[in-house]
Amino acid sequence: MSQQAPELPQFDRLIHEPARLMIVATLFPVKETDFLFLQRSTELTKGNLSSHLSKLEEAGYVNLEKTYRGKVPLTLCRLTAEGRAAFRGYREAMKQFLR
């Protein structure tokens with residue numbers, strides 16, 4: 001008698017990567033945040049964070065707005081509706097897998 005392994009859910013591979021998962025999980029509960037807050041929260045380097053944000057932006061999961069606070073450049077980051085839906089789906093798939 002052979003036992004079959006349970007079928008693995010189809011995780012969103014873009015979100016499943018640990019650094020991008022930290023970014024999306026940090027952005028999910030807030031309307032928006034700035035790049036420096038994300039960098040401190042995720043402990044990623046500027047280049048690494050920028051690279052992952054670009055991938056999320058290309059997928060339509062994140063919106064980046066470049067602006068200024070006074071004379072200082074400021075990048076605001078927010079999840080799009082599509083990004084929020086993708087993260088909800090990812091969380092649900094993970095919950096199902098862990099049951």
Legend entry - Side-chain ion pair, K55 and E17, N-O less than 4.0 Å: no

Inset, instruction - Using atom types as modelled and distance alone, determine if a side-chain donor or acceptor of T26 lies under 3.5 Å from a backbone N or O of M22. - result: yes

Legend entry - T67 vs T75 side-chain heavy atoms within contact, under 4.5 Å: no

Legend entry - Residue pair T80 / V62, side-chain heavy-atom distance below 4.5 Å: no

Legend entry - Test side-chain hydrogen bond (donor to acceptor under 3.5 Å, both in side chains) applied to H16 and D12, step by step: CA-CA 6 Å; H16 192 64; D12 183 329; over 6 Å; no

Inset, instruction - Flag yes if more than 12 heavy atoms outside F28 fall under 6.0 Å of its CZ atom; otherwise flag no. - result: yes

Inset, instruction - Using a 4.5 Å cut-off on heavy atoms from C-beta on, say whether the side chain of C77 contacts that of D34. - result: no

Inset, instruction - Taking the side chain as every heavy atom from C-beta outward, state whether Y61 and R84 have any atom pair closer than 4.5 Å. - result: no

Legend entry - Hydrophobic cluster identity match, L53 and L44, side-chain contacts under 4.5 Å: yes

Legend entry - Atom pair CZ (F87) and CG (L79), whose distance is rounded to the nearest 0.5 Å: 8.5 Å

Legend entry - Joint cluster assignment, I15 & F97, ILVMFWY side-chain distance < 4.5 Å: yes

Inset, instruction - Report yes if the side chains of K46 and Q39 come closer than 4.5 Å at any heavy-atom pair, otherwise no. - result: yes

Legend entry - Approximate separation, where rounding is to 0.5 Å, of F11 CZ and R13 CZ: 9.0 Å

Inset, instruction - Using the side chain to side chain contact (heavy atoms under 4.5 Å, CB included) rule, pick out the option among L64, I23, N63 that qualifies with L56. - result: I23

Inset, instruction - Could you tell me which non-hydrogen atom of R20 sits nearest to which non-hydrogen atom of L14, and how far apart they are? - result: NE-O, 2.8 Å

Legend entry - Over all atoms of both residues, closest heavy-atom pair of A59 and E82: O-OE2, 3.5 Å

Legend entry - Distance in Å, L74 CG paired with L36 CG, rounded so as to fall on 0.5 Å steps: 8.0 Å

Inset, instruction - Answer whether the closest heavy-atom distance between the side chains of Y90 and V24 falls below 4.5 Å. - result: no

Legend entry - Main-chain N/O of S50 paired to S54 side chain as donor or acceptor, under 3.5 Å: yes

Legend entry - CD/E43: more than 12 non-hydrogen atoms of other groups inside 6.0 Å: no

